[in-house]
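To keep things clear, I will list the structure first and then write my remarks on it.
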Amino acid sequence: MAKEKKVRDKVNWKKEAKLLPGYIILILWVVFTFVLLGWVFAAGLSTTPDIFQGNTLKFPTGLHFENYVKAWTTSNVSMFFGNSLLYSVVSCVALVLICAPAAYVLSRFTFVGNKIIQTSFVSAMGTPIIMVILPLFGIVASTGILNNLVLNKVVLILLYIGINVPYTTIFLLTFFSNLSRTYEEAAAIDGCPPMKTFWKIMFPMAQSGLVTVTIFNFINIWNEYFLSLIFANSDQMKPVAVGLFGMINSMKYTGDWAGMFAAVTIVFLPTFILYIFLSEKIIGGVTGGIKG
């Protein structure tokens, strides 16, 4: 009886494992739906005149798209937007170029230390970022680098890359592990070197996984707040998360809530567009990286 129960439990676990990608997609859909509803609400208010006057609520009449022009031209939204775009794009490209080959090697080749490296990446994903950042901040600050705008941006980009390397590598490692070895074996017979096989064959085959992890990293870096708050010591450095927080605080005194909602709508657009146009690849990347 105990043996039969063990077999049944194993079969049930396999069934649940096959449903896991669906659960993940459902959770992502629910989260995105709530975010989308919040954005739609903000976008609606952004096209109204100032609806808050004193302690009363004034119902909007008509659409006022000049709020967007005002938010982009008369505040620092355009600068914050440009900073976030720079940080996110450079970091995401670097993460793919660094982590994809590393994940491929870890997934395909057995060597001393392979499991230790994988374990260290997993452990790094659970390490509180404060334990790494504060000592690093003291070291970097003592060099005077933070007084140089360009070098300060470079440091911030390197930090974004560093904190996302473990997750990116583990995600791609799982994805590569589930790709067929047929093409690699054929390439090996033809005398193609392993890394050339990777760049010419396996890298293109992993497109959905690469797109998925890039989108997740882009959203993570675009919305990142903690690192930016510490290292972005001037408005010229600030990304959208820190910049909008400062704008929200200023709303207490200016009362331009319609302009604030317009700024929020502008800031949300890149991640919204990415998800809408690449949602199929995200689903393919998630399911391809989990199922065996």
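These numbers were taken from a predicted model, which means no experiment stands behind them. Just so it is clear, the values below take in all heavy atoms, side chains as well, and ignore hydrogens, waters and symmetry mates.
Side-chain contact between V105 and F198: absent, with no pair of heavy atoms (C-beta onward) separated by less than 4.5 Å. Side-chain contact between C99 and F121: absent, with no pair of heavy atoms (C-beta onward) separated by less than 4.5 Å. Contact of the F216 side chain with the N164 side chain is not registered, since no non-hydrogen atoms from C-beta on lie closer than 4.5 Å. Contact check for P101 versus M195: side-chain heavy atoms found under the 4.5 Å cut-off. Side-chain contact check for Y183 versus T197: every heavy-atom pair is 4.5 Å or farther apart. The shortest side-chain heavy-atom distance between F268 and N223 does not fall under the 4.5 Å cut-off.
For Q207 (side chain) and V211 (main-chain N/O), no donor-acceptor pair under 3.5 Å exists by modelled atom type.
In this structure, F171 and F175 have parallel ring planes: the angle between them is below the 30° cut-off, well short of the 60° mark. A parallel orientation is assigned to the rings of W222 and F218, their planes being inclined by less than 30° (bins at 30° and 60°). In this pair, Y160 and Y87 present their aromatic rings tilted. The plane angle is within the 30 to 60° band.
For the residue pair A187 and I201, the shortest heavy atom distance occurs at CB-CD1, 3.9 Å. Across all their heavy atoms, S180 and R108 have their closest contact at O-NH2, 3.7 Å. Between L86 and K153, the closest heavy-atom pair is CD2-CD, 4.2 Å.
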When you look at F81 and L269, which way does the side-chain contact (heavy atoms from CB on, under 4.5 Å) test go after all the steps? CA-CA 11 Å; F81 190 97; L269 276 176; 5.7 Å; no
I'd like to know whether F245 forms a ring pair (Phe, Tyr, Trp, His ring centres under 6.0 Å) with F80, so could you lay out the CA-CA distance, the side-chain angles of the two residues, the decisive distance to 0.1 Å, and finally the verdict. CA-CA 11 Å; F245 182 75; F80 300 149; over 10 Å; no
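Within a 6.0 Å sphere centred on CD1 of I116, other residues, nucleotides and ligands contribute 12 heavy atoms or fewer.
At a cut-off of 3.5 Å, with distance as the only test, a side-chain donor of Q118 or N114 sits close to an acceptor on the other residue.
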